[in-house]
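In this text the structure is predicted, and so the values were computed from the model without any measurement. All heavy atoms count here, side chains included; hydrogens, waters and symmetry mates do not.
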Amino acid sequence: MPIVESKTVTETVTADSATSVPSTPAALVLEDGRIFRGTSYGAQGKALGEAVFATGMTGYQETITDPSYARQLVVQTAPHIGNTGVNSDDAESRRIWVAGYIVRDAARRPSNWRSERSLDEELVEQGIVGIQGVDTRAITRHLREHKSMRAGVFSGEAAQATEKELLAAVLASAPMEGSRLAEEVSVDKAYVVEPKDHGWEGEPRFSIAAIDLGIKAMTPVRFAERGVRVHVLPATATLEEVNAVNPDGFFMSNGPGDPATADAQVKLLRSVLDEKLPYFGICFGNQILGRALGFGTYKLRYGHRGINQPVLDRRTGKVEITSQNHGFAVDAPLDGATQAPEERYGRVEVSHISLNDDVVEGLACLDIPAFSVQYHPEAAAGPHDAAYLFDRFIDLMAETKAAVAGAQNTTDSKTEDKK
């Protein structure tokens, strides 16, 4: 396996001057032998994971704190990163989840009225190994042409190993296929997000059980803003724990890893679908619905990651610009309604498709109250084109509740007539 070198494209500078200074060498090593040389960014050491690229021009703090990036080395295609620093409000979860961070031009100093500290300081504080001064455009083109792959970022003493030793460390790391990660990023204890804490006046309209498979902070907030009380439950939650909160609807979040490993979550969702409880899933939750219906999943060559992914809503004919972060997809027929392989769930159709590559971006069940999308409608940071999906789920819960009430009234009326 040949080892190909790519040299550093920039030099590190201090926060107080624009003059070049000595810096700690670092290397990005891909599993096919390609090596990119740069300088250390954030903590020093070794980081192993899957190298992927994210195309967002903004929202780097939301990117690195998205649990869906667990065990991934994120390449930012935007060249200038860190210019607005970081703050306590914009994090999408309790910590940084990227395994390593790869940027071209790291900001010398943050400049924003909301900044509380620099991105570099935050990476050091949380022990995230990164590299700067590399040609991220070349890295992105390489991954696009050859697929996302295992990789390692090495700096400090770790970078002093031979090239063969560095490559051997990468090849010994675990691939993303077969990785079960949702349980690793999920919360340990349940918690509740109340509408009254997010601008809603009056009593909650509905209550839902939301399974945290790597949920982003803005997701329950989007529900709460619309008057929905959200009971966030761990990834290991059982049907009994779901029913204990007496929900009007059931939700499964985004998350990392291979959906083929999510057997426990698929079993739980099937139990929920059997009870006809309205369901909404995003990202990982879309893949779990696909599996629950009997479809398979597969790994994409380089996935969809960024806040500028075009999707067609087939029901309305409208194009949405969406925020996405997934490396796997559902394998389902693209055209027309089809019988679900798990026949008791009736008919299903692909409701949304990617306009870049025709990947399944949404599923809609026609005979049970359930739908899902592959992208992130909470969009922080990102476009808000898909925010209507939260309202669509609320409408589904209202329709289901009204239908149940109507059926109960009919039953009661017939019982009275018999008397």
Side-chain angles (χ1 to χ4, degrees), residues 8-29 36-54 56 58-76 78-134 136 139 151-161 166 169-170 173 184-185 217 256 381:
T8 301
V9 296
T10 62
E11 293 181 299
T12 300
V13 296
T14 66
D16 298 317
S17 71
T19 58
S20 298
V21 296
S23 54
T24 303
L28 167 66
V29 181
F36 294 84
R37 299 285 181 180
T39 56
S40 175
Y41 186 48
Q44 294 185 19
K46 175 177 69 175
L48 298 171
E50 181 185 44
V52 300
F53 59 87
T58 61
Y60 58 79
Q61 184 178 354
E62 291 88 345
T63 294
I64 64 177
T65 55
D66 178 353
S68 295
Y69 279 117
R71 204 189 290 177
Q72 292 183 320
L73 308 177
V74 175
V75 181
Q76 292 280 185
H80 193 53
I81 297 295
N83 53 312
T84 57
V86 297
N87 61 61
S88 301
D89 296 328
D90 290 346
E92 280 294 334
S93 64
R94 61 189 180 276
R95 52 164 282 193
I96 294 175
W97 287 104
V98 298
Y101 203 43
I102 302 156
V103 304
R104 177 161 182 156
D105 296 326
R108 292 175 294 170
R109 63 175 71 87
S111 178
N112 186 274
W113 66 275
R114 299 178 67 239
S115 176
E116 297 172 2
R117 53 201 172 276
S118 73
L119 176 56
D120 184 41
E121 291 169 338
E122 188 75 357
L123 294 171
V124 171
E125 175 69 22
Q126 298 198 36
I128 306 301
V129 176
I131 183 172
Q132 63 177 315
V134 289
T136 52
I139 299 170
V153 176
F154 305 88
S155 60
E157 292 184 6
Q160 296 176 12
L166 297 179
V170 170
S173 64
E184 295 182 16
V185 303

Quick check against the 3.5 Å criterion: does [X] have a side-chain atom that pairs as donor or acceptor with the backbone of [Y]?
X: Ser118; Y: Arg109; result: no
X: Gln132; Y: Ile102; result: no
X: Asp120; Y: Gly42; result: yes

*Residues two or more places apart in sequence or in another chain: which of them pass ring pair (Phe, Tyr, Trp, His ring centres under 6.0 Å) with Tyr69?*
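Tyr69 satisfies ring pair (Phe, Tyr, Trp, His ring centres under 6.0 Å) with no residue once adjacent residues are dropped.
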*With sequence neighbours left out, write down each residue that passes side chain to side chain donor-acceptor pair (under 3.5 Å) with Gln126, or none if nothing qualifies.*
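For Gln126, the residues satisfying side chain to side chain donor-acceptor pair (under 3.5 Å) (neighbours in sequence not counted) are Glu122.
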_Counterpart residues, side chain to side chain donor-acceptor pair (under 3.5 Å), relative to Ser88 (two or more places apart)_ =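 For Ser88 the side chain to side chain donor-acceptor pair (under 3.5 Å) partners, ignoring immediate neighbours, are Glu116.
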Heavy-atom pair with the smallest gap, counting every atom of [X] and [Y]:
X: Leu48; Y: Ala99; value: O-CB, 3.7 Å
X: Ser93; Y: Trp97; value: OG-NE1, 3.0 Å
X: Ala151; Y: Ala51; value: CB-CB, 3.7 Å
X: Pro25; Y: Ala159; value: O-CB, 4.2 Å
X: Thr39; Y: Ala26; value: C-CB, 3.6 Å
X: Gly45; Y: Ala158; value: O-CB, 3.5 Å

*When Gln61 is tested against each of Ile96, Asp66, Asn87 for side chain to side chain contact (heavy atoms under 4.5 Å, CB included), which residue passes?*
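So, applying the side chain to side chain contact (heavy atoms under 4.5 Å, CB included) to Gln61 and each of Ile96, Asp66, Asn87, only Asn87 qualifies.
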*Output every pair passing salt bridge (Lys or Arg N to Asp or Glu O under 4.0 Å) with a member in residues 91-103, not counting sequence neighbours, ordered by first then second residue.*
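Applying salt bridge (Lys or Arg N to Asp or Glu O under 4.0 Å) to every pair that reaches into residues 91-103, excluding sequence neighbours, yields nothing.
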Would you give the length of the straight line joining atom [atom1] of [X] to atom [atom2] of [Y], rounded to the nearest 0.5 angstrom?
X: Leu119; Y: Tyr101; atom1: CG; atom2: OH; value: 6.0 Å
X: Thr136; Y: Phe53; atom1: OG1; atom2: CZ; value: 11.5 Å
X: Ile81; Y: Arg104; atom1: CD1; atom2: CZ; value: 12.5 Å
X: Asp90; Y: Glu62; atom1: CG; atom2: CD; value: 5.0 Å
X: Ile128; Y: Tyr41; atom1: CD1; atom2: OH; value: 12.5 Å
X: Tyr60; Y: His80; atom1: OH; atom2: NE2; value: 8.5 Å

*Mind checking whether Thr84 and Ser115 have side chains closer than 4.5 Å, heavy atoms only?*
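No - every pair of side-chain heavy atoms lies 4.5 Å or more apart.
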_Ile139 vs Val134 side-chain heavy atoms within contact, under 4.5 Å_ =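 They are in side-chain contact.
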*For Glu50, check salt bridge (charged side-chain N to carboxylate O under 4.0 Å, His left out) against everything at least two apart and list the hits.*
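So Glu50 forms a salt bridge (charged side-chain N to carboxylate O under 4.0 Å, His left out) with Lys299.
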*Which side-chain hydrogen bond (donor to acceptor under 3.5 Å, both in side chains) pairs, counting each pair once, include a residue from residues 151-160, with sequence neighbours left out?*
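Residue pairs with at least one partner in residues 151-160: there are none.
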